[in-house]
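Note that ligands are numbered from 1 as they come in the structure, with each ligand's atoms numbered from 1 the same way.
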Amino acid sequence: MTDTPFYRYDIGLLRRTLDELRELTGNDSRCHIHYAVKANSNPLLLKHIKEYGLGMDCVSGGEVKAALNAGFPPSAIVFAGVGKADWEIDLALENDIFCINVESEPELDVIQERAHSLGKKARIAFRVNPDVDAHTHSKITTGVAGNKFGIDLNMLDGIIAKAISMDNIIVDGLHFHIGSQILNLEPFRKLCLRINDIQDSLQGNGFTAGHINVGGGLGIDYTDPDNNPIADFRGYFDIFRNNLELRPGQELHFELGRSIVAQCGQLITKVLYVKKNPLKQFAITDAGMTDLIRPALYGAYHRIDNLSNPDGKLQVYDVVGPICESSDTFGKDRELPEIRRGDLLAIKSAGAYGESMASCYNLRTLPRTESLESD
Ligand SMILES: *Cc1c(COP(=O)(O)O)cnc(C)c1O
């Protein structure tokens, strides 16, 4: 009997996804893709992602260490985050990573001070809050005025001027990230137009960035993963190609997380009990929100398949975990082939923000992982 719950990764699908990315961007030497490692830092996935020559987008010192340990070149590592601790800034400086994405003036001051005392020059980009609404879930919208991320547009001129005057700072880039699980591409078009305006106005003051980093956020199909296993990379890159006006010599960076790894992962869980009450029928699984928190945290939808009885008669279930929280629910009122004790369920599209967000709440053990080398 398999030891459930566990994450199963389809390496064939991951590689087909990376093939598509390479086909669409590989010929453009100005284009750089960084994998947002917070989506999934499983070393097995990182090994394949590195083979395709992607860089890494990190949001903590731990992730910078993971990137270096996995063998990603420092020159392909970017480091973002609204609250970087001094040791994390030191780590980035000591390893000469490509760029630190700066989110506030006090952070800029600390980077200057740390770089000075380490005898380094810090290459930075300013993360700008472009005030573009991604129209995604409120908890994963990051680019509107009033949320904690980035530098307000009105303060950008001043902070760039200040940074240019600092001895240990090289101002190289402008960084943007408007949110996650974005399926309607219109917000990305708006972002491009906003960046064009920002560049025009900065150029008027004599500043041209060496690179533009447009972040990540491309969404995937959680409702029909079998028929849409690969995200709409073509539409996504076309938006930037057709709308963003890069200046001569300027490089373009992307930070994609979810769209690279979400579909290659499934959470496999065993049904412990089928419990009926007068109103509902519950399938109680051995996986819980500690293994996959997205439904509990964001009300996220994941498709669920009954692997053990795919042709069974359809019935309606709430699929719930064993944790002492009512939000520990994977799906409400799902029509699924009859579920019996011991059946294995697959919770699909769980490769991004699944294993990486797992916890030991209730003193549970972290889920195991297993890989499948399909083609
Ligand atoms: C999380 C994050 C990403 C990746 O977002 P996805 O929606 O997974 O593509 C990119 N850049 C930054 C700064 C992030 O915080």
Output, or 'none' if empty, a list of ligand 1-protein atom pairs in which both atoms are N or O and the distance is under 3.5 Å, rounded to 0.1 Å.
from	atom 1	to	atom 2	distance (Å)
ligand 1	7 (O)	Ser180	OG	2.3
ligand 1	7 (O)	Gly217	N	3.4
ligand 1	8 (O)	Arg258	N	2.8
ligand 1	8 (O)	Tyr353	OH	2.5
ligand 1	9 (O)	Gly217	N	2.9
ligand 1	9 (O)	Gly257	N	3.0
ligand 1	11 (N)	Asp57	OD2	3.2
ligand 1	11 (N)	Glu255	OE1	2.6
ligand 1	15 (O)	Lys38	NZ	2.7

Exercise for review: May I ask you to establish whether Arg341 and Tyr273 are in a cation-pi arrangement, using a distance under 6.0 Å from NZ or CZ to the six-membered ring centre and at most 45° from the ring axis?
Suggested key: yes

Review point. Is there a donor in the side chain of Arg364 and an acceptor in the side chain of Thr290, or the other way round, less than 3.5 Å apart?
Key: yes

Can I get a per-line list of side-chain donor-acceptor pairs under 3.5 Å for residues 60-69, giving both atom names and the distance, sequence neighbours left out?
from	atom 1	to	atom 2	distance (Å)
Ser60	OG	Gly62	N	3.3
Ser60	OG	Glu63	N	3.0
Glu63	OE1	Val59	N	2.8
Glu63	OE2	Lys38	N	3.4
Asn69	ND2	Lys65	O	3.3

Point to revise | Pair Glu325, Tyr361: side-chain N/O donor-acceptor within cut-off below 3.5 Å | key: yes

Review point. Do Tyr353 and Gln181 have a side chain donor and acceptor closer than 3.5 Å?
Key: no

Review point. Quick check, are the ring centers of Tyr35 and Phe72 under 6.0 angstrom apart?
Key: no

